[in-house]
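Residue numbers begin at 1 in each chain, while the letters A, B, ... track the order of the sequences.
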2 protein chains.
Amino acid sequence: MDGFVSIVREKAEGKGGYEGVVAYLREQLLSGELKTGDCLLPERELSARLGVSRQVLREALRALAMIGAVEIRHGVGTIVSRPDVSTLGEFFTFALAQQSEVIDDIMEARIAIEHHAIRLACRRAGQADFDRLAERLYDIVETIHDPEAGGHADFRFHEALVQAGGSPTLISLYSSIASLMMRSHLDRREQIIQVEGITEFLIDHHRKIFEAIVARDAGVADELLTRHFEIGADFRRRAGFRSAAANLRSSASETNIIQGEQNADRDR
Amino acid sequence: MDGFVSIVREKAEGKGGYEGVVAYLREQLLSGELKTGDCLLPERELSARLGVSRQVLREALRALAMIGAVEIRHGVGTIVSRPDVSTLGEFFTFALAQQSEVIDDIMEARIAIEHHAIRLACRRAGQADFDRLAERLYDIVETIHDPEAGGHADFRFHEALVQAGGSPTLISLYSSIASLMMRSHLDRREQIIQVEGITEFLIDHHRKIFEAIVARDAGVADELLTRHFEIGADFRRRAGFRSAAANLRSSASETNIIQGEQNADRDR
DNA sequence: ATCTAACCGTGGTATGACCACTGGTATCAT
DNA sequence: ATGATACCAGTGGTCATACCACGGTTAGAT
């Protein structure tokens with residue numbers, strides 16, 4: 001490092017460093033020069049071209065990988081990929097981690113999505129969708145006595161329902177909040193399942209929904225779904241207070257998470 | 001901290017390196033040990049504690065910063081922050097880069113959200129929500145002849161509608177897709193606005209929606225919204241061909257989108 | 001008391017080296 | 001010829017160290 005400095009200043013056109021790299025890659029992606037499946041240059045070479053260190057480039061790539069814009073594969077390379085839902089799931093996990101009250105609110109999103117999806121499904125669903133729904137319905141019946149598997153089957157049915165709607169966006173959003181729904185509902189299933197006659201109700205109600213979709217009767221399907229959620233909410237509410245219906249062998253109430261006291265309320 | 005080694009323990013159990021760091025921080029966030037506003041340890045120290053190099057730690061922090069989980073401030077430190085919607089905007093920017101067909105589909109998400117939100121609004125909305133809606137409605141009237149400002153006012157009204165629903169999740173999702181909706185609708189506004197009598201229709205229809213919410217009549221509100229979207233879609237479709245025609249009330253025609261042909265089976 | 005400047009801690013970047021994984025190729029045994 | 005094995009080159013993954021740039025604090029000068 002003698003007196004002379006200067007030399008390379010090529011990246012001077014705006015921002016340099018991390019920001020610049022992200023901006024550059026975003027540009028490449030939006031302009032279409034980089035499309036899904038393309039393989040980026042090796043880190044060493046790319047970093048050299050952009051005039052940044054490899055570390056900075058890696059930071060940018062990691063960041064992009066976090067939102068799913070690229071996929072970094074050890075020993076292979078970095079390939080452009082389309083952000084998919086799993087990414088959004090990650091986001092929501094972090095986003096909602098700190099606002100516990102939202103966990104309950106996530107149900108509103110689920111209802112909104114499923115309601116519209118079921119209407120779409122009544123118009124668009126094809127045989128493949130019917131088959132999948134039937135399959136998931138069968139799973140519900142099979143696993144009706146197993147809280148964990150049953151809850152999973154239940155979710156899978158509703159997932160198939162949304163899928164039948166044929167809207168990629170709805171499917172994406174639904175998948176995004178799926179992990180969070182699991183978080184608060186899977187456990188309650190254990191309590192709900194104990195209610196007398198609930199098993200028959202669950203099976204019967206899901207079947208009716210399925211049949212309404214097959215019949216392409218949006219009105220009935222929508223109405224059924226409304227009741228489905230209302231009843232579900234009712235059960236969950238009751239399960240929250242005390243041991244739901246009659247005989248819960250163990251008052252495992254255990255004060256669900258909650259603990260949310262530090263409700264900051266930071267609006268902007 | 002002299003000759004003793006120890007260390008090794010933490011990362012030995014599961015993943016080490018980048019993945020481990022992200023997992024660790026996620027755990028800290030989800031468990032509540034780190035809450036919004038908290039300041040993380042300096043990079044050098046934190047990296048030492050986690051048994052990774054500073055570079056790896058930085059990659060993890062950059063990734064988390066990309067989704068808004070933390071905010072890195074030069075010369076200050078890294079502070080925990082709650083991901084807000086602007087982050088999702090970034091995500092969708094990348095997401096839509098490669099799949100342009102989703103832009104149309106985004107409308108389905110909007111419909112789903114607004115439909116449920118308006119029902120919630122009819123139950124939950126308070127005076128503040130009414131005031132905001134009224135204000136936005138006024139803006140629509142004011143800017144009715146300006147395509148750009150008018151489109152913006154239109155959006156703001158619907159935004160207030162969702163807000164009135166009082167569901168943070170719905171609001172977040174709606175904001176997330178807002179930028180994408182703008183992208184495809186603002187321009188069409190220029191064509192739509194030319195249709196004879198459209199201005200009166202827009203004003204009148206929005207006002208009716210507003211009144212339905214104030215009246216807390218979910219059924220009417222929902223029905224109005226349905227027609228609102230159908231007519232809007234109809235206009236946009238026609239505007240696609242040519243500059244739409246005159247008679248708007250000429251049977252909003254059922255001809256709903258449908259197009260459901262490629263309802264393929266994308267399972268995973 | 002106020003302003004200025006130096007200082008220190010923080011993140012930001014650069015370099016070079018080495019490790020670990022993947023995929024293809026060459027080699028070998030059958 | 002065929003199959004399995006060993007090898008090798010290229011790629012991402014990690015590490016360590018040094019230095020730069022920014023922000024807030026503090027000691028000094030005015």
- Evaluate the side chain to side chain contact (heavy atoms under 4.5 Å, CB included) criterion for residues Leu40(A) and Leu34(A): first the C-alpha distance (whole Å), next the side-chain angles of each, then the deciding distance (0.1 Å), finally the verdict. CA-CA 8 Å; Leu40(A) 268 62; Leu34(A) 286 177; 4.3 Å; yes
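- Between Ser53(B) and dC15(D) there is a side-chain polar atom (N or O) within less than 4.0 angstrom of OP1 or OP2.
- The distance from atom CG of Leu46(B) to atom P of dG12(C) is 14 Å, rounded to the nearest whole Å.
- Taking the ring centre of Tyr174(A) as origin, the terminal cationic atom of Arg110(A) falls outside the region bounded by 6.0 Å and 45° from the ring axis.
- Per the geometry, CG belonging to Leu41(A) stands 9 Å off P belonging to dT11(D), to the nearest Å.
- The neighbour count for Arg124(B) CZ, taken as heavy atoms of other residues, nucleotides or ligands under 6.0 Å away, is above 12.
- For Glu45(B), the side chain to side chain donor-acceptor pair (under 3.5 Å) partners at least two apart in sequence or on another chain are Arg49(B).
- Between the CD atom of Gln55(A) and the P atom of dG12(D) there is a distance of 16 Å, rounded to whole Å.
- Proximity of the aromatic rings of His116(B) and His116(A) is defined here by a centroid distance below 6.0 angstrom, and this criterion is not met.
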- Message: I'd like to know whether Leu61(B) forms a side chain to side chain contact (heavy atoms under 4.5 Å, CB included) with Leu25(B), so could you lay out the CA-CA distance, the side-chain angles of the two residues, the decisive distance to 0.1 Å, and finally the verdict.
- Response: CA-CA 9 Å; Leu61(B) 291 180; Leu25(B) 290 174; 3.9 Å; yes
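- Distances shorter than 4.0 Å separate some side-chain N or O of Thr78(B) from OP1 or OP2 on dG11(C).
- What separates CG of Leu50(B) from C1' of dT14(D) is a distance of 14 Å, to the nearest Å.
- When rounded to the nearest whole Å, the span between CG of Leu57(A) and P of dG12(D) equals 9 Å.
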- Task: Determine, for nucleotides 19-25 of chain D in 5'-to-3' order, which nucleotides have protein heavy atoms under 4.0 Å from the base (write B), from only the sugar-phosphate (write S), or from neither (write -).
- Result: B-BBS--
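- Remark: P of dC21(C) and CD of Glu19(B) are 14 Å apart, rounded to the nearest angstrom.
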- Would Leu133(A) and Phe157(A) count as a side chain to side chain contact (heavy atoms under 4.5 Å, CB included) if you check the C-alpha gap in whole Å, the side-chain angles of each, and the deciding distance to 0.1 Å? CA-CA 6 Å; Leu133(A) 280 166; Phe157(A) 177 84; 3.9 Å; yes
- Query: How does protein contact run along nucleotides 4-9 of chain D, one letter per nucleotide 5' to 3', with B for base contact, S for sugar-phosphate only, - for none, heavy atoms under 4.0 Å?
  - Reply: ------
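- The distance between atom CD of Glu71(A) and atom P of dT11(D), rounded to the nearest whole Å, is 17 Å.
- Using a 4.0 Å heavy-atom criterion, one finds that Glu43(A) contacts the sugar-phosphate atoms exclusively.
- The CD-C1' distance, from Glu59(A) to dG12(D), rounds to 15 Å in whole Å.
- The shortest heavy-atom contact between Ala60(B) and Val21(B) is CB-CG1, 3.4 Å.
- Remark: Arg58(A) is in phosphate contact with dG13(D), judged by side-chain N or O atoms under 4.0 Å from OP1 or OP2.
- With hydrogens and angles disregarded, a donor-acceptor distance shorter than 3.5 Å links the side chain of Arg136(B) to the backbone of Arg156(B).
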